[in-house]
Amino acid sequence: MGKRHAMRTCSGLHPKPAGLVLQYGTAGFRTNAKQLDHIMFRMGLLATLRSKKTKATIGVMVTASHNPEEDNGVKLVDPMGEMVTPTWEGYATQLANAEQEDLLAALQDIIKKEAINMSQEANVFVGKDTRSSSASLSQAVLDGVSALGGHSKDYGLVTTPQLHYMVCCQNTQCKYGEATVEGYYKKLCQAFIQLTKNASNCTDDQKHLTVDGANGIGALKVREMESHLKRELHISLFNDGSKGKLNHQCGADFVKVQQKPPTGIKMNPGERCCSFDGDADRIVYYYADSEGQFHLLDGDKIATLISTFLKELLTQAGLDLEIAVVQTAYANGSSTNYLEDTMKVIVRCTKTGVKHLHHAAQEFDIGVYFEANGHGTVLFSKAAEEKIQRLAENSSINDERKRAALLLQNTVNVINQTVGDAISDMLLIEAILAIKGMTIQQWDAIYSDLPNRQLKVKVSDRRVIDTTDAERRAVSPAGLQEAIDSLVKNYREARSFVRPSGTEDVVRVYAEAETQESADALAHDVSLAVYRLAGGVGGEPKPLH
Ligand code: 16G
Ligand code: MG
């Protein structure tokens with residue numbers, strides 16, 4: 001068989017090091033780039049099978065997001081731009097770990113289980129980030145696609161959300177937009193310009209935004225997009241990749257975890273700044289006040305700003321649509337209280353990982369989902385989009401309703417609904433602040449975050465920790481939850497939970513409390529409980545102070 005022969009020959013060019021075992025984790029495979037060549041080839045194969053199975057275009061993105069430059073990774077994108085389903089994540093792991101001589105059998109196993117018609121056409125879109133290893137690794141993906149006779153389109157350097165967008169456009173016959181990077185800029189920027197038209201008294205100062213591009217793909221793409229913004233947003237771009245190292249002391253993850261500004265940017269007091277991560281699917285905002293104090297506005301603050309804005313517009317438009325905010329256990333308790341008690345919106349909590357939030361958000365007319373780390377977007381149900389559309393086209397409604405309906409319509413268009421998108425989120429946030437005439441300080445003051453602390457604990461096998469209730473409670477090992485419960489009782493307004501990381505070999509500990517000292521002390525207490533009850537390795541966790 002010709003194809004089989006081609007497969008053998010090509011897979012020989014991308015051999016698997018014997019014994020190497022990797023897992024398709026929360027966000028795909030991610031490890032040192034040197035270990036990934038065979039994984040990429042095999043993900044090219046798998047994407048081709050997935051395409052044949054779904055009779056749709058599938059995406060493969062080569063990136064390791066916020067990881068250091070020497071790492072790389074790969075994620076598969078399903079037809080509507082979503083993350084691939086759990087069953088296929090399982091296949092990805094099986095295929096990745098089959099020894100060289102078992103590869104054909106592993107493929108045949110998937111073909112059989114999924115009853116795939118191998119004569120069906122296959123189409124795969126491939127994208128990559130700016131890592132030096134990405135060029136050859138994305139070529140390995142392309143080799144995998146052609147080894148199974150699939151067609152591929154190489155988008156080259158794109159952000160992760162741009163690739164998700166292209167896949168969705170392609171599979172909706174361009175109803176979602178044109179499947180080109182130009183088309184993406186046009187759609188988003190046009191919507192942004194329409195939105196900000198309503199904020200005509202915006203000064204140049206208010207139109208200014210400082211962006212930290214994490215020395216990655218997001219910086220390149222912001223540059224590319226700028227002309228489409230027609231000076232309605234003035235961006236000062238730092239960490240644009242011209243000299244600094246990717247994600248090194250910069251980017252959204254650094255800023256969120258360290259709770260401090262990235263290096264390499266110029267911050268003036270009171271000015272809005274934001275940071276992207278290495279593949280531009282996350283964003284956080286921040287500013288320094290006149291005393292030089294740093295203030296972070298994370299995914300929770302973003303979700304609050306967006307959901308408040310949408311809720312006000314729905315009221316003004318007289319549209320009866322249900323809006324919900326989806327968070328994870330990491331959401332600051334103050335944000336959850338504010339959303340539920342003051343804003344009166346529905347709040348749902350899911351497990352960590354975009355696919356869980358995305359899924360939960362799909363259950364509402366309008367689902368706003370954000371992880372505290374800045375990954376998130378807004379989903380509109382088909383029915384909600386149609387209602388908004390109809391109202392915007394209705395000529396017999398009063399001016400207030402008309403204005404709100406048009407704003408809602410353009411809000412839908414500025415959002416990348418396929419996945420969290422730093423560029424799209426940035427445009428939406430900038431538009432909201434402009435329309436509301438709101439400063440970043442005013443946005444920050446909507447509610448005050450409870451002091452919190454995140455720690456990690458090394459244990460011999462993190463799988464001994466099993467959680468329930470969207471990771472808020474531990475069901476094993478025995479006694480751990482009871483220990484956490486009694487420690488939490490020692491502090492005011494306190495909360496704590498632990499979960500095994502999906503991307504690192506550690507157990508994560510989160511604690512929040514009335515004061516920073518209490519949050520730090522509680523996080524330490526809980527770390528000790530994990531260390532003692534869940535098989536800690538290395539030295540005992542030391543107190544923070
Ligand atoms: C991945 C997830 C992110 C999550 C993080 C948690 C996607 C695209 N990314 O980066 O959403 O917050 O993992 O990491 O799903 P952890 O399990 O190590 O805490
Ligand atoms: Mg990312």
Side-chain angles (χ1 to χ4, degrees), residues 23-31 59 61-68 71-78 81-86 89 127-131 134 158-164 213-219 221 246-247 250-257 275-284 298-300 303 326-331 349-361 369-377 416 418-425 454-458 462-463 465 467 470-471 497-510:
Q23 177 122 28
Y24 195 97
T26 322
F29 292 101
R30 219 181 269 187
T31 186
M61 182 69 197
V62 176
T63 179
S65 185
H66 59 271
N67 284 39
D71 285 359
N72 216 324
V74 57
K75 329 186 217 196
L76 296 189
V77 181
D78 250 5
E82 293 153 277
M83 317 282 281
V84 79
T85 61
E89 289 184 350
K128 60 168 184 266
D129 73 10
T130 55
R131 288 178 158 77
S134 290
V158 282
T159 69
T160 295
Q162 284 177 333
L163 187 76
H164 283 250
N215 290 315
I217 184 69
K221 297 293 148 177
L246 177 70
N247 296 327
C250 63
D253 197 63
F254 174 86
V255 173
K256 169 74 180 158
V257 175
S275 285
F276 294 3
D277 75 335
D279 62 340
D281 64 356
R282 277 168 61 181
I283 185 167
V284 294
D298 63 2
D300 303 336
V326 183
Q327 308 184 309
T328 70
Y330 289 107
C349 184
T350 70
K351 287 204 266 185
T352 302
V354 170
K355 59 184 176 230
H356 302 296
L357 290 108
H358 192 95
H359 196 71
Y369 75 80
F370 269 89
E371 290 191 314
N373 65 22
H375 193 133
T377 186
N416 182 352
T418 64
V419 78
D421 181 336
I423 291 181
S424 149
D425 290 340
Q454 285 191 54
L455 295 174
K456 27 186 178 178
V457 183
K458 278 210 171 293
R462 70 194 199 276
R463 288 170 304 181
I465 296 200
T467 65
E471 304 178 320
F497 67 91
V498 303
R499 54 176 282 277
S501 158
T503 65
E504 246 187 285
D505 191 14
V506 295
V507 174
R508 297 206 193 280
V509 173
Y510 177 89

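We count ligands from 1, going down the list as the structure has it; atoms in each ligand are counted the same way. Sequence positions, counted from 1, serve as the residue numbers for this chain.
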Check: Which of the atoms of ligand 1 are close to R508, meaning less than 4.0 Å from one of its heavy atoms?
Finding: 16 (P), 18 (O), 19 (O)

Notebook entry, point to check: Can you tell me if R499 has a non-hydrogen atom under 4.0 Å from ligand 1?
Noted result: yes

Next item on the list: Find the distance between OH (Y510) and OG1 (T328) and round it off to the nearest 0.5 Å.
Entry: 9.0 Å

Notebook entry, point to check: Given V507, V354, T352, which has its nearest heavy atom closest to atom 5 (C) of ligand 1?
Noted result: T352

Item checked: Distance-only N or O hit between ligand 1 and S501, under 3.5 Å -> yes

Check: Is there at least one pair of N or O atoms, one from P500 and one from ligand 1, spaced under 3.5 Å apart?
Finding: no

Notebook entry, point to check: Quick check: does H375 get an N/O under 3.5 Å from an N/O on ligand 1?
Noted result: no

Next item on the list: Taking all non-hydrogen atoms of both residues into account, name the closest pair between D277 and A252 and its distance.
Entry: N-CB, 3.8 Å

Note to self: Less than 4.0 angstrom from a charged side-chain N to a carboxylate O is my criterion; do K355 and D78 meet it?
What the structure shows: no

Checklist line | Total protein N/O/S atoms whose distance from the Mg ion (ligand 2) is less than 2.8 Å | finding: 4

Note to self: Are any of the N/O atoms on T503, whether in the backbone or the side chain, positioned under 3.5 angstrom from an N/O atom of ligand 1?
What the structure shows: yes

Notebook entry, point to check: Under 3.5 Å between some N or O of ligand 1 and some N or O of H66?
Noted result: no

Next item on the list: Check T503, D279, D253 against S65 for a side chain to side chain contact (heavy atoms under 4.5 Å, CB included) and give me the one that passes.
Entry: D279

